[in-house]
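Have a look at the structure below, then the notes.
What you see below is based on every heavy atom in this structure, not just the backbone, and it leaves out hydrogens, waters and symmetry mates. Letters A, B, ... mirror the listed sequences (proteins, then strands); counts begin at 1.
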2 protein chains.
Amino acid sequence: MIGTQPAPSRSEIAGLIRNEPVQARSAARLTALLDAAAAVIDEIGYERLTTAMVAERAGASIGTVYRYFPDRIAVLQSLSARNADRVTGRILSDIDDERHGDAMAALHGGIAALVDAFRSEPGFASLRFGDVLDLRPAEGSPAYAVLAERIIEALRERFGVAEHKDLPVAMESAIVAIDAIAARAFARDAGGSAAFLGHGPEISAQLVGEYLSAR
Amino acid sequence: MIGTQPAPSRSEIAGLIRNEPVQARSAARLTALLDAAAAVIDEIGYERLTTAMVAERAGASIGTVYRYFPDRIAVLQSLSARNADRVTGRILSDIDDERHGDAMAALHGGIAALVDAFRSEPGFASLRFGDVLDLRPAEGSPAYAVLAERIIEALRERFGVAEHKDLPVAMESAIVAIDAIAARAFARDAGGSAAFLGHGPEISAQLVGEYLSAR
DNA sequence: CCGCGATGATCGAGTTCCGCTCCGTCTCCA
DNA sequence: TGGAGACGGAGCGGAACTCGATCATCGCGG
């Protein structure tokens, strides 16, 4: 067995990693490698990322990269998993920390947090939730589905939103759609085209609005 | 100059191709190469496609692949351009050939045609309109924008939809969103999850419905 | 508190595989 | 039958990935 520490080491990233870090410096290495990958991606795109670039930028050797990741694709997947974790955290904290009057307002705050991540989370605009990478067979539930479930949970706790069998798929559809529109908004306009971004809240209202009245 | 034939050789694919085919067998080769690429993509995904695989499957040599395409990315881009052409054609013909009573019904027919392409157009589920490839600088307007413009045009001709400055972006947003949801619907379910697909028409009604009343 | 073995972590030269070129050969057409 | 179009495939360069030697850290017995 590995990692019997109380701290629940970063959720699903583990599955993509070869050797769980044991010593402290090792965890720092992993972070440095992912940071380096994010920087490279922001500069030249993930298609052109090479493992040598990642190694050099992290001040490590190629061997070290392959100590942590089975292959180049796994580096990208790990980064997108970390990004998904971080952005999910930002969205959830916006949803229940802010002073939102109702569930719809909270959800719109979450959308704003998602859009902001395109600007401020390194590599996010390219990789997003990783579901864009067409790796086969892609086991496990997609990051979108996890995010949808957690948003619903947060809204239920704070605003008493009722359960409904169609809500999870509706919420995931809204997230997928808004994420795609945001990607389009940032594709040609580094600041994010407001004309596209404006349709995000509209979609969420249409798809999940009917479920968000308090229980 | 190249290709002075009356037939307007496949729209924008040309720009990605090294040598326009002159002899008849050569055009067949090009088709075979793209068909082979589509088959490979459906099997192992475009990330893992190699030029050698394309050559072998098309019964050609590597040299022949590079006679037609400058590099591997161009193969993917050509295929997505061909797919975009074909699917755009299908959507437009559904919009104005069928017996739709109004613009909204016609648009929903177009959406159905798009969804159908995920099932029946080889390689489309992975590459779609090519905007998923993160090649830098990505010049030219995205295929989504072109499709949006042509749909608007078709609706205007048949149903007298009025011009509106916000309609192109709204239409493109709807297409991007529906395309993303369809991709999600087919990602885990080869037949396309109906629960996700059902949200397509809903989104189009929300985003462009207000513009679709006759002039 | 100090060795000191065991295990984790790192390095980088070497191997393999893939993208792509080059040029000799073959095919088509006038 | 000459010339241009089309094709094949060995070979080159570079990127992905391996592997065994070397260094760092930890735990433990003295």
- Side-chain N or O of B/Thr64 less than 4.0 angstrom from OP1 or OP2 on D/dG8? yes

- Task: Would you give a per-nucleotide map of nucleotides 13-30 of chain C, 5' to 3', where B means the base has a protein non-hydrogen atom under 4.0 Å away, S means only the sugar-phosphate does, and - means neither?
- Result: ------SBB-----SS--

- Task: Indicate yes or no for a side-chain donor-acceptor contact from B/Ser126 to the backbone of B/Gly123 under 3.5 Å, with no hydrogens or angles considered.
- Result: no

- Message: On the nucleotide C/dG8, are OP1 or OP2 found under 4.0 Å from the side-chain N or O atoms that A/Ser26 carries?
- Response: no

- Query: How would you list all residue pairs meeting salt bridge (Lys or Arg N to Asp or Glu O under 4.0 Å) that involve residues 166-179 of chain B, not counting sequence neighbours?
  - Reply: A/Arg184-B/Glu172, B/Arg128-B/Asp179

- Atom-pair distance (CZ on A/Arg29; P on D/dC23), nearest Å: 16 Å

- Rounded distance (Å) that lies between atom P of D/dG20 and atom CZ of A/Arg67: 15 Å

- Message: Could you work out, with side-chain contact (heavy atoms from CB on, under 4.5 Å) as the rule, every residue matching B/Pro201, not counting sequence neighbours?
- Response: B/His108

- Task: Could you state the atom-to-atom distance from CD of B/Glu56 to P of D/dC7 in whole Å?
- Result: 17 Å

- Query: By salt bridge (charged side-chain N to carboxylate O under 4.0 Å, His left out), which residues pair with A/Asp116, not counting sequence neighbours?
  - Reply: A/Arg90

- salt bridge (Lys or Arg N to Asp or Glu O under 4.0 Å) contacts in which one or both residues fall within residues 63-80 of chain B, not counting sequence neighbours: none

- Query: Which whole-number value in Å describes the distance from B/Leu30 CG to D/dG5 P?
  - Reply: 16 Å

- Query: Quick one: ring pair (Phe, Tyr, Trp, His ring centres under 6.0 Å) pairs with a partner in residues 77-98 of chain A, sequence neighbours left out?
  - Reply: none

